[in-house]
Every structure is written in structure tokens, then in C-alpha cells.
Amino acid sequence: KLTEAALSQVLEAVRLENPQILCAGTEYSYCQTSAGTVLFPVYTVSAGSADAMARALIEKGRQIVAAAPEGDAEARELYLHDAICELSDYGEGAYAETAYGALIRGTAVCAGYTAAAKLLFDLAGQPSAVVSGTAGEGEDQIPHAWNAVALYGEWVYLDVTWDDPVGGGERHDYFNLTERELAETHFGFVLPGNIKN
């Protein structure tokens, strides 16, 4: 017997923590039955297309992870961070809110960058989570998403979106920040349940 707000939170958590799920969008309908809540996702592509897209995404992710340096966890994480910046440009469009948009189509918004990072960290065996809140300065705060990564027994934060400069190049201003450092520009975020500080 979930409320609509609780159901939305559960679906968003499932979508963010499983970036390979590409067939269901963010819209759904539901009904209450004697057995509980029945959910009807609004599918954005056919099952066959979703399967092919997921296979292509996982294969691309595996190629990126295979090319990452072995050994030092932070160097590996940095390689994956930079690979996303190299492959994607910030922008709207089909699948821009997904890892598929970032890694295959080359266009993503913050949700797509974050999903791509989550996917690559999962494939590399790096514990990570998606974090959302608002970001910006002063009155210019907007909804935003970024990642938390377990590194040497501590959780650190990275915002691949904000590290992807327009016009190319590399930037690491938002790479492996502490919670205090991140809180200067990122606000109102609730840590996922698997993060213990």
C-alpha cells in the first residue's frame, strides 16, 4: 500500500541505481487491488529494442572499463570519469537522461552523465551511488544529480557533468570532493541508504 509519492521515490531509485534499464521511462500509472499496488510503466521502446540497446550499452561500458588502468582505484576512477567527458557533450535529446545517451549517443544531461558513471563503476566493481539534490549558486539552484564513490574506505563525491567543459579539454574541479567541499555548491541532497558517514 504505497502512496503515490513513495511509489515515485521507489521507481526513481530503481531507475538511478540500474542504468542498464532503458525500456521504462519516468511515467507510469497504477491501481490498488486487494493484492496490493499494481504498477503499469510507460515503456519508451519495445522490449526487443530495449534489449539491443542494453547489450550495446553494456558492451561499450565493458570496453571502457577494460581500457582503464589496473591497480590504483583512484586512477581507475579518474579514467572512467574522463572517458565519460570525452564521449559525451551536455545537451537535450533522446535518451539524454540515460547512460545510453551519454556513452552511445554522445549527448546527455546530468542524469545521463550520472547514470553513465554509475554503470561504469558497477562494471569496474567500484561501490558507488547516485545522489540528487540541487546545485548552483544563490538563487540559481536547479535540480541536479551526481555520484558518490567508495574510495579507500571513505565516500567521496564527483560531478562528471560539471567537470565536462564546453569545447573540450579536461577538468577535475568536482572530482572526489568531501561532503563539506561539495556542500559549497550542491545542496539539499539526501544520501542513499547504502552510504554510511
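Heavy atoms only: backbone and side chains are in, while hydrogens, waters and symmetry mates are out. It should be emphasised that the depicted structure is a prediction, and the values quoted were computed from it without experimental measurement.
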**Prompt:** Between the main-chain N or O of Tyr95 and the side-chain N or O of Thr98, is there a donor-acceptor pair closer than 3.5 Å?
**Reply:** yes
**Request:** Provide the closest heavy-atom pair for Cys85 versus Asp164 in the form atom of the first, atom of the second, distance.
**Result:** O-OD1, 3.4 Å
**Request:** With His144 as reference, evaluate Asp159, Thr134, Thr161, Thr185 under the side-chain hydrogen bond (donor to acceptor under 3.5 Å, both in side chains) test and give the passing residue.
**Result:** Asp159
**Request:** Look at the rings of His172 and His81 and say which category their plane angle falls in: under 30° parallel, 30 to 60° tilted, over 60° perpendicular.
**Result:** tilted
**Item:** Minimum side-chain heavy-atom gap Glu179-Trp155 below 4.5 Å
**Value:** no
**Complete:** Residues at least two apart in sequence or cross-chain that pass salt bridge (Lys or Arg N to Asp or Glu O under 4.0 Å) with Arg76, listed by chain then number, are Glu70
**Message:** I need the minimum non-hydrogen distance between Ala99 and Leu119, along with the two atoms involved.
**Reply:** CB-CD2, 4.4 Å
**Fill in**
Rounded to the nearest 0.5 angstrom, the CD-CD distance for Glu184 and Glu137 is 9.5 Å
**Message:** Side chains of Val149 and Leu158, heavy atoms from C-beta outward: is any pair under 4.5 Å?
**Reply:** yes
**Message:** Could you report the tightest heavy-atom contact between Thr107 and Gly91, atom names first, then the distance?
**Reply:** CG2-O, 3.1 Å
**Prompt:** According to the salt bridge (Lys or Arg N to Asp or Glu O under 4.0 Å) rule, which pairs have a member within residues 40-56, sequence neighbours left out?
**Reply:** Asp51-Arg55
**Complete:** Rounding to 0.5 Å, atoms CG (Asp82) and CZ (Phe175) come to a distance of 7.5 Å
**Asked** Step by step, would you call His186 with Tyr157 a ring pair (Phe, Tyr, Trp, His ring centres under 6.0 Å)?
**Response** CA-CA 11 Å; His186 294 60; Tyr157 300 87; 8.9 Å; no
**Fill in**
Tightest non-hydrogen contact, residues Leu80 and Ala68, listed as CD2-CB, 4.2 Å
**Request:** State, yes or no, whether a side-chain contact exists between Asn147 and Val130 at a heavy-atom distance under 4.5 Å.
**Result:** yes
**Prompt:** Can you check whether Ala150's main-chain N or O pairs, donor with acceptor, with Gln126's side chain at less than 3.5 Å?
**Reply:** yes
**Message:** Other residues, nucleotides and ligands only: do more than 12 of their heavy atoms fall within 6.0 Å of CD on Glu74?
**Reply:** yes
**Prompt:** Is it true that a side-chain atom of Thr114 and a backbone atom of Cys110 form a donor plus acceptor pair closer than 3.5 Å?
**Reply:** yes
**Asked** Which heavy atom of Ala116 sits nearest a heavy atom of Ala102, and at what distance?
**Response** CB-CB, 3.8 Å
**Complete:** Minimal heavy-atom distance between Val109 and Glu97, with the atoms involved, is CG2-CG, 3.6 Å
**Prompt:** Is Glu181 atom CD crowded by more than 12 heavy atoms from other residues, nucleotides or ligands, each under 6.0 Å away?
**Reply:** yes
**Item:** Straight-line distance of Ile58 CD1 to Tyr100 OH, nearest 0.5 Å
**Value:** 12.5 Å
**Message:** Closer than 3.5 angstrom, by distance alone: can the side chain of Asp163 be matched with the main-chain N or O of Asp173 as a donor-acceptor pair?
**Reply:** yes
**Asked** Does Leu87 reach the side chain of Ile64, with side-chain heavy atoms less than 4.5 Å apart?
**Response** yes
**Message:** Check the orientation of Tyr90 and Tyr113. Use parallel for under 30°, tilted for 30 to 60°, and perpendicular for over 60°.
**Reply:** parallel
**Asked** Is there a donor-acceptor contact under 3.5 Å linking the side chains of Asn176 and Glu77?
**Response** yes
